[in-house]
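Here the structure comes first, spelled out in structure tokens, and everything after it is commentary.
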Amino acid sequence: MFRIPETHPRYKSLLKREKIVAGIEAGITSRQGLIAHGRGEAFDYLIGERTLPAALRATEAAAALLLTAQKPVISVNGNVAALVTERVIELSELIGAPLEVNIFYWTEARVMKIKEHLEQHGATNVLGDKADARIPGIEHARARVDKDGIYTADVVLAPLEDGDRCEALIAMGKKVVTIDLNPVSRTSKYATVSIVDDIERALENLILMIKEKKKGEVKLLEDYDNKENLQAVINEIMERLKNEALR
Ligand code: ATP
């Protein structure tokens, strides 16, 4: 990876870019993943590259949902595998949920590369290579999932997901937690719980909250409403942007 000096004001952001580029070079991230990352970066700039209070509340709702799930599964695409390899593996161990390689631009070779990448970093339960079931309503390649994984899961953590698949998973009766910096994406709007935050920050918070919640009795956040939460995120962004140029 290109070496970025830690003193650079955009160090964290540049490091993420390098991780995505390294992911492409390793054959785990698609070239289209670069564009998705750029869209995320733009929203993160507007957000102020920090976790908004409303995002923290969504993260808490997600932690409770994942801990009370019967059969949670964590969906991993090429950007997720490149950006948060260790964190996603830690989360998988913490909640006893398999990781399932689930990519938009599906090729068997890339699925296997991502699976190997996760296993090389210590993951012990990685699905996605069977692809023996289909999400109804999605066209062929993008619909592939594992019967033992996402297909029969009750709660799916699907970060950086696309709107169609999120909608189709909800239509199957599943609860979907997403992590997406765009509060107005179709994914954010369809999901049961949308964490509008950068995936690194969101997973860090999610892991901390899950560790904390595991010490006691876990209760769902009954009064959590995803649409209201998304509106709160948008209001927080607008508040931040008021008079921004004059600061
Ligand atoms: P939708 O279909 O949900 O309306 P989309 O087609 O824009 O949205 P994709 O391009 O499939 O969605 O997915 C990329 C999404 O992931 C974008 O909404 C982008 O904001 C978000 N994203 C990209 N990088 C990150 C990141 N590091 N952390 C969180 N979200 C990210």
Side-chain angles (χ1 to χ4, degrees), residues 1 4 10-24 28-52 54-56 58-59 62 74-88 91 101-107 110 114 135 137-139 141-145 150 156-171 174 176-207 226-227 229-230 233-234 236-237:
M1 277 206 298
I4 301 150
R10 305 211 49 73
Y11 173 73
K12 281 188 180 170
S13 173
L14 293 176
L15 195 63
K16 281 176 212 169
R17 284 188 182 179
E18 287 308 314
K19 285 185 179 178
I20 292 283
V21 170
I24 291 172
I28 61 174
T29 306
S30 69
R31 286 175 300 165
Q32 291 85 348
L34 269 177
I35 299 164
H37 185 77
R39 180 177 287 175
E41 271 191 355
F43 279 101
D44 208 18
Y45 219 107
L46 299 178
I47 285 171
E49 295 174 309
R50 73 214 153 102
T51 300
L52 296 170
L56 211 53
T59 309
I74 303 169
S75 169
V76 178
N77 67 18
N79 284 40
V80 173
L83 289 170
V84 283
T85 319
E86 281 86 7
R87 284 194 180 99
V88 95
L91 181 64
V101 181
N102 184 26
I103 56 180
F104 189 93
Y105 298 98
W106 197 93
T107 67
R110 200 152 69 84
I114 296 175
I135 305 172
I138 296 289
E139 54 75 23
R142 291 195 299 131
R144 290 164 192 257
V145 281
I150 289 176
V156 183
L157 171 62
L160 282 55
E161 183 55 280
D162 104 290
D164 282 9
R165 281 203 306 207
C166 181
E167 185 184 20
L169 291 172
I170 293 283
K174 301 179 193 307
V176 178
V177 175
T178 193
I179 300 169
D180 188 333
L181 278 159
N182 180 358
V184 292
S185 73
R186 290 169 308 143
T187 306
S188 290
K189 288 182 177 171
Y190 290 133
T192 318
V193 177
S194 311
I195 303 173
V196 181
D197 203 357
D198 168 68
I199 187 151
E200 283 186 7
R201 297 194 302 266
L203 284 187
E204 203 170 297
N205 290 329
L206 191 58
I207 288 169
N226 202 51
K227 287 262 160 69
N229 192 268
L230 284 175
V233 166
I234 293 165
E236 285 168 9
I237 296 172

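Owing to the predicted nature of the structure, the values given are computational and were not obtained by experimental measurement. Each ligand, and each atom within it, is numbered from 1 in the order the structure gives.
Shown are D162, I114, I103, N102; of these, the side chain to side chain contact (heavy atoms under 4.5 Å, CB included) with N77 is made only by I103.
Nearest protein heavy-atom contact of atom 28 (N) of ligand 1 is I199 N, 3.0 Å. Regarding atom 8 (O) of ligand 1, its nearest protein heavy-atom neighbour is S185 CB, 3.9 Å. Looking at atom 4 (O) of ligand 1, its nearest protein heavy atom turns out to be R186 N, 2.9 Å. The nearest heavy-atom contact from the protein to atom 30 (N) of ligand 1 is L181 N, 3.1 Å. For atom 7 (O) of ligand 1, the nearest non-hydrogen atom of the protein is R39 NH1, 2.0 Å. Among all non-hydrogen protein atoms, the one lying nearest atom 9 (P) of ligand 1 is E161 O, 4.5 Å. The protein non-hydrogen atom at the shortest distance from atom 19 (C) of ligand 1 is D180 OD1, 3.7 Å.
A donor-acceptor pair is defined here as one N or O able to donate and one able to accept, closer than 3.5 Å; no such pair exists between the side chain of T178 and the backbone of S188. When atom types are taken as modelled, the side chain of R165 and the backbone of R142 share a donor-acceptor pair closer than 3.5 angstrom. A donor-acceptor distance shorter than 3.5 angstrom exists from the side chain of T187 to the backbone of E161, with no hydrogens or angles considered.
For ligand 1, the atoms sitting less than 4.0 Å from at least one non-hydrogen atom of T187 are 1 (P), 3 (O), numbered in the order shown with element in parentheses. Counting the atoms of ligand 1 from 1 in the order shown, those under 4.0 Å from a heavy atom of A36 are 10 (O), 14 (C), 19 (C), 23 (C), 24 (N). Listed by number with element, the atoms of ligand 1 under 4.0 angstrom from any heavy atom of N182 are 18 (O), 20 (O).
Contact annotation: the side chain of E49 never approaches that of D198 to less than 4.5 Å [non-hydrogen atoms, C-beta and beyond]. Looking at I20 and L83, their side chains come closer than 4.5 Å, going by heavy atoms from C-beta outward. Within the 4.5 Å cutoff, no side-chain heavy atoms of R39 are placed close to those of I35.
Considering backbone and side-chain atoms together, L83 places no N or O closer than 3.5 Å to any N or O of ligand 1. The shortest N or O to N or O distance between D162 and ligand 1 is not under 3.5 Å. Annotation: F43 places no N or O atom under 3.5 Å from an N or O atom of ligand 1; distance criterion only.
Comment: E41 engages R17 in a salt bridge, judged by a side-chain N to carboxylate O separation of less than 4.0 angstrom.
For atom 31 (C) of ligand 1, the nearest non-hydrogen atom from the set V80, D198, L160 comes from L160.
Using a 3.5 Å distance cut-off with no hydrogens or angles, the side chains of N205 and T59 do not pair a donor with an acceptor.
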Checking salt bridge (charged side-chain N to carboxylate O under 4.0 Å, His left out) for the pair R201/D44: CA distance, chi angles, key distance, verdict? CA-CA 11 Å; R201 297 194 302 266; D44 208 18; 2.8 Å; yes

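Heavy atoms of D197 found under 4.0 angstrom from ligand 1 belong exclusively to the backbone.
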